[in-house]
Amino acid sequence: MRDLIIRNGRVIDPSIDRDEIADLYVIGGRVSAEPANSGCEVIDARNLVVAPGLIDIHVHLREPGQTHKETIETGSQAAAAGGFSSIVCMPNTDPPADNPSAITWISDRARAGALVNVFPTGAITKGLNGEEMAPIGSMVQAGIVAITDDGHCVQNHEVMRRAVEYARMFDLAVLDHCQDYNIVGSGVMHEGYWSSVLGLDGWPRTGEELMVMRNILLAELCKTRIHCQHLSSGGSVRLLRDARARGIQVTGELCPHHIALTDEFVSSFDTNYKMNPPLRAREDIEALIEGVADGTITLLGSDHAPHACFEKEVEFDRAPFGILGLETELALFLTILVHRTKAIDIKHLITMYTVNPSTLLRLQKGALVSGADADITLIDPDLEWTYRKEHSFSHSRNTPFDGWELKGRAVRTIVGGRTVWSV
Ligand SMILES: [Zn+2]
């Protein structure tokens, strides 16, 4: 690995409120205040943004158990191609990551084959069944950065309360997939006009909002941080805004499909429009974007959820939930949030992908200060390009964004001073 000089880029490091045209130096895999003496690699970053390596806090790598969908290796390649130097993987593997040896296995696999940093999460409950707490303390020792039953949601509020209190002892964030099973029932799409027209079971906003409210109450009661994953409802944004104004440690996350698409797309019966929580209405999109603009929603993630073609190519109500996300999320957010709606600027977007996830999960990442790991993402914010799923590094192809024209993308991803991907 050679030392680096990244020349003439717009260096944006929100951790120290830095935004200027400058050179960035890397020596021995770390950011340096002084340039290397000689023989280093020079990267021309004119007209590019030089950002701390982006972090995606919501990724499904499918290993162990479902390697026909994705592996830690292929998922990490997709992450690198999307501009992500770090990803946080969900525990709903097969078997679930609900014990320390599963966490150690994932970390070992990642060390051996992943192009980017992989931070594992552990389950809240054993087998993700919502009943009995997983051994959280020993999973912390094995290296988890949060607990979540993502894909599932703990319905018993007492079990959730105990898990939140236990997590607090380790200064560990609890991430929650907010879904009230009784209200949602067999819902496969947003409950509204289109679910009636199409004759599909509805998944109402209330099913999410009830659990967002539960999490707000528990975060207040237990005085610790709870993070609401992949918010889809405008009502969730309003609840979160009020709670945060009262100083409660609750955060929310946005995935690109929830602002790029509405439930109307489901009328094609294409199962690449089936996700959980579901695509919603125009007014939800407006509320979500407003929530990002005013700082109510502070984290971005993909909910990268690979599924094989044979699994998705079935009737809509029988198909699994979820789509790919790692290689399109940055471009979709740049296109929608920065260019089209101008809800936020690129510095704000980078904050949501670097400082905010590192703060939530206590990661020693997301900054370009001297001595920091040289995890760096080079972004061309104005590059116009067309996403083609056949070029994806993922093992799967389940995306509704094939052929979309997007503006802005990562052009190089550096992890620990080593370029792991470039256009
Ligand atoms: Zn989920």
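Quick caveat, the model's predicted, so the values are computed rather than measured. Along the sequence shown, the residues carry numbers beginning at 1.
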Between the side chains of [X] and [Y], does any donor sit under 3.5 Å from an acceptor?
X: E311; Y: H68; result: yes
X: T74; Y: T71; result: yes
X: E209; Y: S233; result: yes
X: T386; Y: E405; result: no

Next item on the list: Apply side-chain contact (heavy atoms from CB on, under 4.5 Å) to R111 and D108, showing your working.
Entry: CA-CA 5 Å; R111 212 169 292 120; D108 288 348; 3.0 Å; yes

Check: Would you say I55 and D375 make side-chain contact, with heavy atoms under 4.5 Å?
Finding: no

Checklist line | Lys/Arg cation over aromatic F316: K274, 6.0 Å, 45° cone | finding: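 Yes; both conditions hold, so K274 lies above the ring face of F316.
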
I'd like to know if [X] and [Y] make a salt bridge, using a cut-off of under 4.0 Å between side-chain N and carboxylate O.
X: R109; Y: E63; value: yes
X: R225; Y: D171; value: yes
X: R205; Y: E283; value: yes
X: K347; Y: D345; value: no
X: D176; Y: R214; value: yes

Note to self: Going by the rule ring pair (Phe, Tyr, Trp, His ring centres under 6.0 Å), which residues pair with W385 if we only count those two or more places apart in sequence or in a different chain?
What the structure shows: none

Check: Which word best sums up how the rings of H60 and H58 line up, parallel for under 30°, tilted for 30 to 60°, or perpendicular for over 60°?
Finding: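 Tilted, since the angle between the ring planes falls between 30° and 60°.
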
Next item on the list: Kindly indicate, with the supporting measurements, whether the criterion side-chain contact (heavy atoms from CB on, under 4.5 Å) is fulfilled by D402 and R397.
Entry: CA-CA 9 Å; D402 186 37; R397 291 290 178 267; over 6 Å; no

